[in-house]
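Presented below is the structure to which this report refers.
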Amino acid sequence: MPHPPLLGQLRRLLLPCSSVVPIAAAPSTVRCLSPRAMASTVASQVHPGGSVAAAEYEDVLGRLSSLITQKVRAHSGNRGNQWDLMAQYLQILELEEPIAQMKVIHVAGTKGKGSTCTFTESILRSCGFSTGLFTSPHLMDVRERFRLNGVDISEEKFLKYFWWCWNKLKEKTDDDIPMPTYFRFLALLAFKIFTAEQVDVVVLEVGLGGKFDATNVVEAPIVCGISSLGYDHMEILGNTLAEIAGEKAGIFKKGVLAYTAPQPEEAMIALKQRALELGVSLQVANPLEPHQLKDQHLGLHGDHQYVNAGLAVALASTWLEKQGHLDKIPLNQTGPLPDQFISGLSNAWLQGRAQIVTDSQVNSEEEDKDCSLVFYLDGAHSPESMEICARWFSHVTKENRRMPSSMVQSQSCGNFQKILLFNCMSVRDPLRLLPRLVDTSMQNRVHFDMALFVPNQSQYNKLGSNSSAPAEPEQIDLSWQLSLQRVWEKLLRGDKGMNDTNSSETSQVFESLPLAIEWLRTKARQNRPTSFQVLVTGSLHLVGDVLRLLKK
């Protein structure tokens with residue numbers, strides 16, 4: 001049986017809806033049924049694409065979960081572990097020739113590769129091309145990873161292509177050629193979906209690293225891109241920027257043009273060296289300038305997105321040029337972009353990245369109309385992205401700038417409380433994450449009144465069931481969250497230690513995410529003149545769990 005951390009991954013990785021821990025004090029909390037419980041009520045309902053039984057979807061999720069290895073992500077064997085099997089999987093699925101015909105844009109990087117891919121796809125779709133986009137991870141539903149023309153693949157098509165791949169692989173695999181692991185299967189499924197749907201362009205985001213990533217079976221992409229590099233997944237990719245850059249540069253292909261966002265010198269040297277070895281023309285894509293958007297705003301918020309947008313413009317322009325669509329590309333690198341480019345950039349959308357969501361349970365209540373509870377969600381999980389996240393949060397919460405008009409608080413709500421809701425994977429070093437968050441926030445004159453540390457909601461949910469967090473507190477392992485709290489308190493108090501002040505005044509550890517959310521709702525209801533601004537960060541999985549709870 002998988003160990004507890006893996007169980008946490010299963011539900012978070014796959015289920016489109018996880019159950020909420022019942023809270024007596026919150027009678028208005030909506031309980032989310034498991035797919036099995038929903039089956040009897042929705043099986044007869046007809047979706048636009050046909051009748052899709054929830055029980056079948058649950059079955060598929062269960063089979064996908066069986067592909068998640070018990071080997072933890074940090075295991076050294078993950079680095080190229082039997083990567084050559086991918087060629088055999090392609091043979092079994094008869095995908096070699098279809099993949100060779102795909103017009104692919106391949107993107108690796110540490111920070112911003114998902115945003116870069118999203119911008120690139122949106123630009124080309126705005127230019128009139130049919131698109132396929134493969135990204136990871138998903139936040140609420142595994143189908144988010146597969147977008148056709150900007151929309152998550154339908155359940156009907158997802159099930160159709162899943163069974164096609166699953167049955168063929170099950171028939172042909174054995175002890176010598178085992179079933180592909182989870183991410184490799186999803187990559188193979190993406191290739192099947194995009195080739196069968198005959199999209200004009202496929203934008204592929206690398207899952208981890210580059211050289212040994214499942215997406216790197218594409219031998220002749222049209223263009224490659226490297227987004228901003230930094231220290232992440234060091235347990236697999238290496239301890240220096242040069243080593244990390246070398247792994248990311250593994251997607252370079254001889255004779256294929258490549259672009260990179262501006263990089264630290266150590267990383268740039270490594271990228272150039274690899275490009276030189278392969279005879280690859282490597283060019284730096286400059287960040288986009290605001291004036292190039294003709295008074296429009298990027299669809300993804302944050303100043304750092306201009307770096308990702310600049311890389312996306314270079315990738316999309318190169319793809320258009322290589323495909324012979326010279327009339328659609330920008331005339332120069334510094335002038336205003338074509339309207340189709342601007343439309344694509346301004347309409348791009350990606351959940352969990354600099355996303356602002358109000359809590360409708362609190363904000364819609366008549367007695368609390370003069371206060372609010374607003375969540376600022378960003379899946380930052382590296383030191384560099386933590387700094388970017390802190391700058392974004394500081395910027396958007398100052399005088400409510402950049403907030404949608406529907407989210408602006410009443411003038412009578414003059415007090416503000418800034419609260420951090422945090423968790424990160426245990427393979428990450430909080431001493432590299434939390435100091436960057438605190439220091440950058442202080443530099444921008446933002447102070448957190450309270451920090452809440454929680455386990456991911458999915459940690460206690462077994463895939464395909466309606467199980468929830470253990471009822472007895474002693475059954476819940478909060479040692480990691482308590483460690484995060486100690487780091488936080490030490491940051492706030494310096495060398496004074498934790499015993500000088502009661503930590504409950506500045507931080508708390510909750511046994512579950514729903515309990516933390518309910519605590520926040522209670523605080524907001526009891527303090528009507530106050531607006532609570534909650535930054536959720538440290539883990540995309542945590543961001544997904546919060547979104548799931550808020551959108552019930």
Side-chain angles (χ1 to χ4, degrees), residues 4-5 8-9 12 72-75 110-111 137 208 230-241 244 352-353 376-394 418-444 446-459 476-513 516 534-546:
Q9 293 177 21
R12 173 76 285 278
V72 296
R73 197 175 191 185
H75 194 285
T110 304
K111 310 180 299 292
L208 177 62
Y231 293 99
D232 197 17
H233 302 300
M234 296 163 64
E235 71 281 357
I236 299 173
L237 303 180
N239 294 314
T240 68
L241 275 181
I244 292 171
R353 278 76 165 182
Y376 299 77
L377 304 113
D378 191 84
H381 51 269
S382 70
E384 295 84 1
S385 60
M386 200 61 58
E387 183 176 329
I388 291 170
C389 171
R391 286 203 302 267
W392 166 73
F393 179 70
S394 302
K418 290 180 170 58
I419 297 177
L420 174 66
L421 181 59
F422 188 91
N423 192 36
C424 66
M425 294 173 60
S426 59
V427 295
R428 306 196 189 283
D429 183 0
L431 290 172
R432 294 176 62 86
L433 300 181
L434 288 172
R436 293 286 280 271
L437 178 69
V438 171
D439 292 346
T440 305
S441 298
M442 291 181 65
Q443 289 168 12
N444 287 273
V446 166
H447 167 75
F448 288 99
D449 300 282
M450 176 70 73
L452 312 180
F453 299 97
V454 296
N456 291 350
Q457 166 66 8
S458 51
Q459 179 170 330
I476 302 175
D477 181 6
L478 294 173
S479 57
W480 177 244
Q481 284 69 38
L482 290 168
S483 297
L484 296 175
Q485 183 187 36
R486 285 192 291 271
V487 172
W488 178 262
E489 292 296 330
K490 188 173 182 179
L491 278 174
L492 296 187
R493 299 189 176 89
D495 297 328
K496 296 179 182 178
M498 291 188 59
N499 297 325
D500 295 342
T501 308
N502 188 344
S503 64
S504 64
E505 296 178 2
T506 53
S507 65
Q508 288 193 44
V509 171
F510 284 87
E511 296 161 6
S512 72
L513 177 59
V534 183
L535 174 62
V536 183
T537 192
S539 163
L540 271 170
H541 300 309
L542 175 63
V543 167
D545 290 339
V546 171

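These values consider heavy atoms only, across backbone and side chains, with no hydrogens, waters or symmetry-generated copies. Residues take their numbers from the sequence shown, with the count starting at 1.
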Item to check | Inter-residue atom distance Leu377.CG - Leu535.CG, 0.5 Å rounding | outcome: 8.5 Å

Checklist entry - How long is the span from the SG atom in Cys424 to the CZ atom in Arg432, to the nearest 0.5 Å? => result 12.5 Å

Checklist entry - Yes or no on side-chain contact (heavy atoms from CB on, under 4.5 Å) for Met442 and His447, after CA distance, side-chain angles and deciding distance? => result CA-CA 6 Å; Met442 291 181 65; His447 167 75; over 6 Å; no

Checklist entry - To the nearest 0.5 Å, what is the distance between CG (Asp378) and CE (Met386)? => result 8.5 Å

Item to check | Sequence-distant partners of Val509, side chain to side chain contact (heavy atoms under 4.5 Å, CB included), two or more places apart | outcome: Phe453, Leu478, Gln481, Leu482, Gln485

Next on the checklist: Which residues pass the side chain to side chain contact (heavy atoms under 4.5 Å, CB included) test with Ser539, not counting sequence neighbours?
Outcome noted: Asn456, His541, Leu542

Item to check | Residues which pass side chain to side chain donor-acceptor pair (under 3.5 Å) with Ser385, listed by chain and number, not counting sequence neighbours | outcome: Ser382

Checklist entry - Between Phe422 and Phe448, is the gap from one ring center to the other below 6.0 Å? => result no

Item to check | Student check: side-chain heavy atoms of Tyr376 and Val536 closer than 4.5 Å | outcome: no

Item to check | Residues which pass side chain to side chain donor-acceptor pair (under 3.5 Å) with Ser483, listed by chain and number, not counting sequence neighbours | outcome: Arg486

Checklist entry - CD1 of Ile419 to CD of Gln508: how many Å apart, nearest 0.5 Å? => result 9.5 Å

Checklist entry - Residues in side chain to side chain contact (heavy atoms under 4.5 Å, CB included) with Ala390, at least two apart? => result Leu437, Thr440, Ser441

Item to check | Leu420 side chain reached by Leu452 side chain, heavy atoms, under 4.5 Å | outcome: no

Checklist entry - Yes or no on side-chain contact (heavy atoms from CB on, under 4.5 Å) for Leu484 and Asn423, after CA distance, side-chain angles and deciding distance? => result CA-CA 8 Å; Leu484 296 175; Asn423 192 36; 3.6 Å; yes

Checklist entry - How far apart are the C-alpha atoms of Glu384 and Arg436, what are their side-chain angles, what is the distance that settles it, and do they pass the side-chain contact (heavy atoms from CB on, under 4.5 Å) test? => result CA-CA 8 Å; Glu384 295 84 1; Arg436 293 286 280 271; 4.0 Å; yes

Checklist entry - With Leu492, which residues qualify under side chain to side chain contact (heavy atoms under 4.5 Å, CB included), at least two apart? => result Trp488, Thr506

Next on the checklist: Minimum heavy-atom separation for Leu433 and Arg428, please, with both atom names.
Outcome noted: CD1-CB, 4.2 Å

Item to check | Asn444 side chain vs Arg391 backbone, donor-acceptor pair below 3.5 Å | outcome: no

Checklist entry - Any idea which heavy atoms bring Cys389 and Thr537 closest together, and the distance? => result SG-OG1, 3.7 Å

Next on the checklist: Can you tell me how far apart NE2 (His381) and CG (Leu540) are? Round to the nearest 0.5 Å.
Outcome noted: 6.0 Å

Next on the checklist: I need the minimum non-hydrogen distance between Ile244 and Gly230, along with the two atoms involved.
Outcome noted: CD1-O, 3.5 Å

Item to check | Heavy-atom closest pair, residues Ala516 and Val454 | outcome: CB-CG1, 3.6 Å

Checklist entry - When you look at Val446 and Phe393, which way does the side-chain contact (heavy atoms from CB on, under 4.5 Å) test go after all the steps? => result CA-CA 9 Å; Val446 166; Phe393 179 70; 4.2 Å; yes

